Chemist: 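The structure follows.
In this text, all values refer to a predicted model and were calculated from it rather than measured experimentally.
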Amino acid sequence: MRVADEWRDYELQKLERWTREILIRPNPQVIWKSEKEHRMWAQPSAKYFRSRTGGGQWKMYRRMPASWQVRYKDLIFNIKTMGFKHTGLFPEQAVNWDLVRELIKKSGKEQVKVLNLFAYTGAATVACLKEGAAVVHVDASKGMTAWAKENAEASGVSDGDVRWIVDDCIKFVQREIRRENKYDIETAFSIL
């Protein structure tokens, strides 16, 4: 099993540290006991409270930037607190970014074609662009695709070979099959 253990700007203990910002988010998937005495619990920046009717909201305990940047190796991502508990990045996916980068490096091809489906804010897209891949980034949300473009700019790969497509992923794949377009790597990390 691979573990995303090379983060400097992220920690998780039923709470998260993203650079200086400490966030507490409910997560029913967490099965270990938290260490409430840990220093980070005493100084959270914000906590997300779920609503019984769906959604929720952040309670800010101290002044925070509207958005800020975090680094993973040579990648830079813009994150922020969002109304549905997320920050725009899934740090546990870092092992997958590392994996696709390694596959691209070892491919022996001049340019690897990557299809990134459900691409969200573009972390996998940015990772592949860093290795010189040609990427087709597909997500149904125009806002998330715009955010992905910001992440590509932050990481210095906005001039890479990328097609930004706002579309339903299933319909897009069906059209690609009919067009007989082929890719070397296909990703869908946000649904893993």
Chemist: Find out whether Ile165 and His137 are in side-chain contact, i.e. whether some heavy atom of one side chain is under 4.5 Å from a heavy atom of the other.
Modeler: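 Heavy-atom side-chain distance check fails, nothing below 4.5 Å.
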Chemist: For Lys80, which residues count as a salt bridge (charged side-chain N to carboxylate O under 4.0 Å, His left out) partner, sequence neighbours excluded?
Modeler: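 Checked Lys80 against salt bridge (charged side-chain N to carboxylate O under 4.0 Å, His left out); zero matches.
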Chemist: Given the rule in the side-chain contact (heavy atoms from CB on, under 4.5 Å) test, do Glu131 and Leu103 qualify, once you have shown the distances and angles that lead to the verdict?
Modeler: CA-CA 10 Å; Glu131 297 306 325; Leu103 290 171; over 6 Å; no
Chemist: Aromatic ring centroids of Tyr72 and Trp18 under 6.0 Å?
Modeler: no
Chemist: Given 3.5 Å as the limit, does a donor-acceptor pair link the side chain of Ser155 with the main chain of Ile76, or not?
Modeler: yes
Chemist: Residues two or more places apart in sequence or in another chain: which of them pass salt bridge (charged side-chain N to carboxylate O under 4.0 Å, His left out) with Lys142?
Modeler: none
Chemist: Taking side chain as C-beta onward, heavy atoms only, is Val114 less than 4.5 Å from Val136?
Modeler: no
Chemist: So, do Pro65 and Glu21 sit near enough that their side-chain heavy atoms are less than 4.5 Å apart?
Modeler: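 In contact.
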Chemist: Less than 4.5 Å apart, any side-chain heavy atom of Val166 and any of Asp139?
Modeler: no
Chemist: Can you tell me if CD on Gln57 sees more than 12 non-hydrogen neighbours from other groups inside 6.0 Å?
Modeler: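 Not more than 12 within 6.0 Å, no.
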Chemist: Calculate, to the nearest 0.5 Å, the distance between atoms CZ and OG belonging to Arg17 and Ser45 respectively.
Modeler: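 With rounding to 0.5 Å, CZ (Arg17) is 11.0 Å from OG (Ser45).
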Chemist: With heavy-atom distances below 4.5 Å as the criterion, would you say the side chains of Thr145 and Val138 are in contact?
Modeler: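 When only atoms from C-beta onward are counted, Val138 and Thr145 do not touch, as no gap falls below 4.5 Å.
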Chemist: Can you tell me how far the CD atom of Gln174 sits from the SG atom of Cys169, to the nearest 0.5 Å?
Modeler: 11.5 Å
Chemist: Are Thr81 and Met64 packed together at the side-chain level, in the sense that at least one heavy-atom pair is separated by less than 4.5 angstrom?
Modeler: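 Heavy-atom side-chain distance check passes, below 4.5 Å.
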Chemist: In Å and rounded to the nearest 0.5 Å, what is the CD to OH distance from Gln93 to Tyr120?
Modeler: 11.5 Å
Chemist: Quick one: closest heavy-atom pair of Ile79 and Thr87, and the distance?
Modeler: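 Here Ile79 and Thr87 meet closest at CB-O, 3.2 Å.
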Chemist: Is any NZ, NE, NH1 or NH2 atom of the basic residue among Glu153 and Lys149 found under 4.0 Å from an Asp or Glu carboxylate oxygen of the other?
Modeler: no
Chemist: Do the side chains of Trp58 and Lys47 get nearer than 4.5 Å, heavy atoms only?
Modeler: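 Lys47 does not reach Trp58 side chain to side chain.
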Chemist: With no hydrogens and no angle check, do the side chains of Tyr183 and Glu176 hold a donor and an acceptor under 3.5 Å apart?
Modeler: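 Yes - a donor-acceptor pair under 3.5 Å links their side chains.
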Chemist: Using the side-chain contact (heavy atoms from CB on, under 4.5 Å) rule, pick out the option among Ile185, Leu115, Val100 that qualifies with Cys128.
Modeler: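 Exactly one pass, corresponding to Val100.
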Chemist: Classify the ring geometry of Phe77 against Trp97: parallel below 30°, tilted from 30° to 60°, perpendicular beyond 60°.
Modeler: tilted
Chemist: Rounded at 0.5 Å granularity, tell me how far CZ in Arg101 sits from CG in Leu99.
Modeler: 12.0 Å
Chemist: For residues Leu75 and Ala127, report the shortest heavy-atom separation together with the two atoms involved.
Modeler: CD1-CB, 4.0 Å
Chemist: Quick check: are there more than 12 heavy atoms from other residues, nucleotides or ligands sitting under 6.0 Å from CZ of Arg20?
Modeler: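 No, CZ of Arg20 has 12 or fewer neighbouring heavy atoms, counting only those of other groups under 6.0 Å.
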Chemist: Between Ser51 and Thr53, what is the shortest heavy-atom contact and its length?
Modeler: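 Shortest heavy-atom separation between Ser51 and Thr53 comes out as OG-OG1, 2.9 Å.
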Chemist: How long is the gap from CG on Asn116 to CZ on Arg163, to the nearest 0.5 Å?
Modeler: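 That separation rounds to 13.5 Å.
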Chemist: Would you mind checking if Asp161 and Lys113 are paired as a salt bridge, meaning a charged N to carboxylate O distance below 4.0 Å?
Modeler: no
Chemist: If you define the side chain from C-beta out and look only at heavy atoms, does anything of Thr125 sit under 4.5 Å from Lys130?
Modeler: no
Chemist: Applying side-chain hydrogen bond (donor to acceptor under 3.5 Å, both in side chains) between Gln69 and each of Asn151, Asn78, Thr19, report the one that passes.
Modeler: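 One option only clears the test, and that one is Asn78.
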Chemist: Between Tyr48 and Lys85, which heavy-atom pair has the shortest distance, and what is it?
Modeler: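 Between these two residues, the closest heavy atoms are CE1-N, 3.4 Å.
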